[in-house]
Amino acid sequence: MLEETFNVLIAPVEMLADALNSNLNLQRYKILFISGNYSRILTRLDRRFISLEVRRAFTSFQLMTILEENHHSFLIVEHDPMLYEDAKQMVEYVGQALKQTSREAIILLYAPALEPHLQKMTELADRVFCIYEGEKAPVKGRAKMPGDQATLEAYS
């Protein structure tokens, strides 16, 4: 990821956890992991992550405060749609705060799926990565062998 960017990643939980665990060189950054009420990622992280600071935001207002007080160079924010249930108007403000904070740090806003609150925030992002796992269809006309490549049906 580029310095001073607001990035959104929509991907399976295991993919982000594996990426973080296999890139311990990320520790050259001062990393802040911000979760909401519940984290799907924290329990999957390798204990060798020694430079990771963790904060929880139980409301969108707490998240705004954490962003304002930031002194880290890399922020991983685990999106929690529950933060906006009673404060829908805060979605845009949090998105703007993430964009503002990205002027001083790398921001990675993570979610396992796109939902309406996150969709509004992605409009302010510099880059959006969407990685979805799809069902694998067997190749027509022969048995699938391990290691075989498949052509997408649209191109066959």
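In this text the structure is predicted, and so the values were computed from the model without any measurement. Heavy atoms only: backbone and side chains are in, while hydrogens, waters and symmetry mates are out.
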Pairwise distance [atom1]([X]) to [atom2]([Y]) - rounded to 0.5 angstrom:
X: Leu75; Y: Leu109; atom1: CG; atom2: CG; result: 11.0 Å
X: Gln119; Y: Leu114; atom1: CD; atom2: CG; result: 5.0 Å
X: Leu32; Y: Leu67; atom1: CG; atom2: CG; result: 8.5 Å
X: Leu108; Y: Ile34; atom1: CG; atom2: CD1; result: 11.0 Å
X: Leu118; Y: Tyr84; atom1: CG; atom2: OH; result: 9.0 Å

(request) Answer with yes or no whether the side chains of Glu78 and Ser39 bring together a donor and an acceptor at under 3.5 Å. (result)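 The answer is yes; a qualifying pair exists.
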(request) Give a yes-or-no answer on whether the side chains of Glu115 and His79 include a donor-acceptor pair shorter than 3.5 Å. (result) yes
(message) Check this for me: does any side-chain nitrogen of one of Asp18 and Arg44 sit under 4.0 Å from a carboxylate oxygen of the other?
(response)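 No.
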(request) Run the salt-bridge test on Arg55 and Glu69 with the 4.0 Å N-O cut-off and return the result as yes or no. (result)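 Result for this pair is yes, salt bridge flagged.
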Is it true that atom [atom1] of [X] has more than 12 heavy atoms of other residues, nucleotides or ligands lying nearer than 6.0 Å?
X: Lys120; atom1: NZ; value: no
X: Arg40; atom1: CZ; value: no
X: Tyr93; atom1: OH; value: no
X: Met82; atom1: CE; value: no

Donor-acceptor contact present, side-chain [X] to main-chain [Y], <3.5 Å:
X: Asn23; Y: Asn25; answer: no
X: Asp126; Y: Phe6; answer: yes
X: Thr59; Y: Gln62; answer: yes
X: Asp80; Y: Asn37; answer: yes
X: Ser73; Y: Lys30; answer: yes
X: Asn21; Y: Asp46; answer: yes

(request) Following the transitive rule for hydrophobic clusters with a side-chain heavy-atom cut-off under 4.5 Å over Ile, Leu, Val, Met, Phe, Trp and Tyr, establish whether Leu2 and Val77 coincide in one cluster. (result)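 No; Val77 is not reachable from Leu2 via cluster members.
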(message) Is any side-chain heavy atom of Phe33 closer than 4.5 Å to one of Ile41?
(response) yes
(request) Taking the side chain as every heavy atom from C-beta outward, state whether Ile107 and Asn7 have any pair of such atoms under 4.5 Å apart. (result)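 The answer is no; the side chains never approach within 4.5 Å.
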(request) Carefully, step by step, assess Gln96 and Gln100 under the rule side-chain hydrogen bond (donor to acceptor under 3.5 Å, both in side chains). (result) CA-CA 6 Å; Gln96 290 172 356; Gln100 177 68 31; over 6 Å; no
(request) Report the residues that fulfil ring pair (Phe, Tyr, Trp, His ring centres under 6.0 Å) with Phe129, sequence neighbours left out, ordered by chain and then residue number. (result)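 Once residues adjacent in sequence are excluded, Phe129 has no partner under the ring pair (Phe, Tyr, Trp, His ring centres under 6.0 Å) criterion.
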(message) Would Tyr29 and Glu3 count as a side-chain hydrogen bond (donor to acceptor under 3.5 Å, both in side chains) here? Give the steps.
(response) CA-CA 11 Å; Tyr29 294 101; Glu3 301 286 327; 3.1 Å; yes
